[in-house]
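Count residues from 1 along the sequence. None of the values given here were measured: they were computed from a predicted structure.
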Amino acid sequence: GLGTFAIQYCKHVLGMHVATTASASNHELVKGLGADLVVDYRSQRFEDVVKDYDVVLDSVVHEYESRTLSSTVLKGGGAGHY
């Protein structure tokens, strides 16, 4: 899907540090795709773990937009993009 493509493209083509959310059973899968940081969305809030990123891609729905924009997930000063 889009998420697996995005992880691989951002890591291996763009050379980005990649963080993603996944269930515990999928941690090894996404790490194998190139994710540097994996947050178990069932037991952790991503905004408590992920800090100061340049870009957030929400490929499911925009349900996490307010949590992202009201936290320190994105770099401050307008440098980060949702």
Side-chain angles (χ1 to χ4, degrees):
L2 180 60
T4 57
F5 170 78
I7 291 168
Q8 293 173 86
Y9 184 78
C10 290
K11 182 63 178 186
H12 302 294
V13 175
L14 301 177
M16 297 175 132
H17 182 87
V18 177
T20 190
T21 59
S23 63
S25 63
N26 286 319
H27 277 210
E28 291 305 314
L29 169 69
V30 294
K31 287 193 88 59
L33 295 172
D36 298 294
L37 172 65
V38 184
V39 178
D40 183 348
Y41 64 84
R42 292 182 177 155
S43 65
Q44 297 175 291
R45 292 171 47 92
F46 68 88
E47 64 269 34
D48 294 337
V49 180
V50 179
K51 306 288 183 205
D52 296 320
Y53 275 73
D54 294 310
V55 177
V56 169
L57 172 64
D58 181 356
S59 64
V60 180
V61 294
H62 294 286
E63 68 181 84
Y64 301 114
E65 182 176 10
S66 63
R67 287 172 52 190
T68 299
L69 297 176
S70 66
S71 69
T72 58
V73 171
L74 289 169
K75 286 185 177 177
H81 303 282
Y82 182 85

Would you find more than 12 non-hydrogen atoms of other residues, nucleotides or ligands less than 6.0 Å from Glu65 atom CD? yes
Does the His12 side chain pair with the main chain of Ile7, one donor and one acceptor, at a distance under 3.5 Å? no
So Tyr53 and His17, do their side chains get closer than 4.5 Å, heavy atoms only? yes
Hey, are the side chains of Lys51 and Val73 touching, using non-hydrogen atoms and a 4.5 Å cut-off? no
Heavy-atom distance under 4.5 Å between the side chains of Thr68 and Glu47, does that happen here? no
Would you say the ring centroid of Phe46 lies under 6.0 angstrom from that of Tyr41? no
Walk me through whether Val49 and Leu37 qualify under side-chain contact (heavy atoms from CB on, under 4.5 Å). CA-CA 9 Å; Val49 180; Leu37 172 65; 4.1 Å; yes
Examine distances only and state if a side-chain atom of Asp36 and a backbone atom of Val18 form a donor-acceptor pair shorter than 3.5 Å. yes
Could you tell me the separation between the OG1 atom of Thr21 and the CZ atom of Arg45, rounded to the nearest 0.5 Å? 13.0 Å
Give the intermediate values and the outcome of side-chain contact (heavy atoms from CB on, under 4.5 Å) for residues Lys11 and Leu33. CA-CA 8 Å; Lys11 182 63 178 186; Leu33 295 172; over 6 Å; no
Below 4.5 Å, heavy atoms only, C-beta onward: do Leu74 and Val56 meet side chain to side chain? yes
Applying a strict under-4.5 Å side-chain criterion to I, L, V, M, F, W and Y, I'd like to know whether Leu2 and Tyr64 cluster together. no
Between atom CG of Asn26 and atom NZ of Lys31, what is the distance when rounded to the nearest 0.5 Å? 13.5 Å
Do you know the tightest heavy-atom contact between Asp40 and Ser23? OD1-CA, 4.0 Å
